[in-house]
Student: 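First the structure, which I've put down as structure tokens, then a few questions once you've had a look.
In this chain, residues are counted from 1 in sequence order. Keep in mind that the numbers below use all heavy atoms, side chains included, and drop hydrogens, waters and symmetry copies. Treat the numbers as computed from the prediction; the structure is a model and nothing was measured.
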Amino acid sequence: MFRHEKQLLHPVAVERPNAHYAALLQEQLGGGNGELKAAMQYMSQSFRVKDPAIKDLFMDIAAEELSHMEMVAATINLLNGHDLDSQGVNGGEIETHVLWGLSPGLTNSSGYSWTADYVTVTGDLCADLLSNIASEQRAKVVYEYLYRQIDDKKVKETIDFLLNREEAHNAMFREAFNRVQDSGSNLDFGVTQDSRLYFDLSTPSPKNDFHGTDVEPPKFN
């Protein structure tokens with residue numbers, strides 16, 4: 001069961017409309033590393049999770065990602081202003097001004113529709129957690145790129161909040177991975193000598209620190 005609270009997770013505002021930047025921000029609404037993708041991925045993965053604490057973690061973060069999606073959509077709405085202006089969008093997504101009457105849409109910054117193909121679900125907890133860690137890291141990178149391309153202080157405050165929440169989710173998923181990394185696919189493979197070999201295929205090259213050493217399982221401590 002879900003319940004919608006009318007207040008935003010964090011207040012959003014803009015100093016002035018900016019249709020071009022609104023189109024850029026669409027990437028985090030309907031893009032492959034955006035908030036809708038994250039919400040649907042973590043929720044879909046949770047359906048198979050047997051560990052109650054990790055299942056709750058997936059659902060809690062998924063619900064928060066929907067709140068982030070609401071914040072991004074509200075910011076895009078403010079940036080679009082009140083006047084249709086496709087000329088103000090130099091490239092990429094212009095559907096807002098020719099199809100949707102300034103409504104934020106489920107597309108990326110190039111106008112391509114959101115798709116469930118963005119969502120990764122394997123049923124293996126280790127693999128899904130590693131995928132989620134990477135998803136949070138990629139989302140953080142996109143927000144960093146967006147942060148550098150706007151001088152609107154109020155928009156930057158919103159992005160700064162979202163960046164910090166991505167980092168928080170990343171840390172939570174890493175902690176969960178530490179709890180389960182000796183299970184699932186991490187036990188099914190990597191049990192023969194073949195999994196402990198390093199092939200130096202970049203010769204001539206500087207001395208490789210990995211050459212001749214055993215490869216250890218990943219650690220996120």
Student: Counting distance only, does the side-chain N/O of S110 pair as donor-acceptor with the main-chain N or O of Y112 below 3.5 Å?
Tutor: no
Student: Using a 3.5 Å cut-off and no angle test, enumerate the donor-acceptor pairs between side-chain atoms of residues 1-13 and protein atoms at least two apart in sequence or in another chain.
Tutor:
unit_1	atom_1	unit_2	atom_2	d
H4	NE2	E70	OE2	2.9

Student: Could you walk me through whether D152 and Y21 pass the side-chain contact (heavy atoms from CB on, under 4.5 Å) check?
Tutor: CA-CA 10 Å; D152 188 311; Y21 193 79; over 6 Å; no
Student: If you take all heavy atoms of G32 and E27, which pair is closest and at what distance?
Tutor: N-OE2, 4.0 Å
Student: Measure the OG1-CZ distance between T122 and R48 for me, rounded to the nearest 0.5 Å.
Tutor: 11.0 Å
Student: Can you tell if the side chain of D60 reaches within under 4.5 Å of the side chain of M172, non-hydrogen atoms only?
Tutor: no
Student: Once rounded to the nearest 0.5 Å, what's the spacing between atom CD of E144 and atom CD of Q149?
Tutor: 12.5 Å
Student: Taking all non-hydrogen atoms of both residues, which atom of A62 and which atom of M43 are closest, and how far apart?
Tutor: CB-N, 3.7 Å
Student: Under the rule for salt bridge (Lys or Arg N to Asp or Glu O under 4.0 Å), what residues qualify as partners of E64, not counting sequence neighbours?
Tutor: R165
Student: Between E167 and K140, does any side-chain N to carboxylate O distance fall below 4.0 Å?
Tutor: yes
Student: Is any side-chain heavy atom of V89 less than 4.5 Å from a side-chain heavy atom of H97?
Tutor: yes
Student: Going by atom types alone, do N132 and Q45 pair a side-chain donor with an acceptor below 3.5 Å?
Tutor: yes
Student: Distance alone, cut at 3.5 Å: any donor-acceptor contact between the side chains of E93 and T96?
Tutor: yes
Student: What I'd like to find out is whether the side chain of Q28 reaches to under 4.5 Å of the side chain of Y143, using heavy atoms alone.
Tutor: yes
Student: Taking Q26 for its side chain and T107 for its backbone only, find out whether a donor-acceptor pair lies under 3.5 Å.
Tutor: yes
Student: Under the side-chain contact (heavy atoms from CB on, under 4.5 Å) rule, what do L29 and L36 come out as? Steps first, then yes or no, please.
Tutor: CA-CA 6 Å; L29 183 63; L36 177 58; 6.0 Å; no
Student: Looking at CG of L79 and CG of N18, how far apart are the two atoms once the value is rounded to the nearest 0.5 Å?
Tutor: 6.0 Å
Student: Are a donor atom and an acceptor atom from the side chains of R174 and N170 found within less than 3.5 Å of each other?
Tutor: yes
Student: Flag the pair N77 / P104 as yes when at least one side-chain heavy-atom distance between them is below 4.5 Å, and no otherwise.
Tutor: yes
Student: Output yes when a side-chain donor or acceptor of Q41 lies under 3.5 Å from a complementary backbone atom of T120, and no otherwise.
Tutor: yes
Student: Write down the atom of N108, the atom of G31, and the distance for their closest heavy-atom approach.
Tutor: CB-CA, 3.7 Å
Student: Considering all heavy atoms of both residues, which atom of G101 and which atom of L84 are nearest to each other, and what is their separation?
Tutor: CA-CD2, 4.3 Å
Student: Quick one: does any side-chain atom of K55 pair with a main-chain N or O of S46 as donor and acceptor, under 3.5 Å?
Tutor: yes
Student: Would you compute the distance between atom CG of N90 and atom CG of L24 and round it to the nearest 0.5 angstrom?
Tutor: 9.0 Å
Student: Given side-chain contact (heavy atoms from CB on, under 4.5 Å), test R138 with K37 step by step and report yes or no.
Tutor: CA-CA 12 Å; R138 288 193 299 269; K37 172 267 176 79; 3.9 Å; yes
Student: F58 and F173: aromatic ring centres closer than 6.0 Å?
Tutor: yes
Student: What distance separates D160 CG from K153 NZ, expressed to the nearest 0.5 Å?
Tutor: 14.0 Å
Student: Examine distances only and state if a side-chain atom of S44 and a backbone atom of M40 form a donor-acceptor pair shorter than 3.5 Å.
Tutor: yes
Student: Under a 4.5 Å cut-off applied to non-hydrogen side-chain atoms, are I150 and K156 in contact?
Tutor: yes
Student: Which residues pass the salt bridge (Lys or Arg N to Asp or Glu O under 4.0 Å) test with D56, not counting sequence neighbours?
Tutor: none
Student: CG/D128 to OG/S135 distance, rounded to the nearest 0.5 angstrom?
Tutor: 10.0 Å
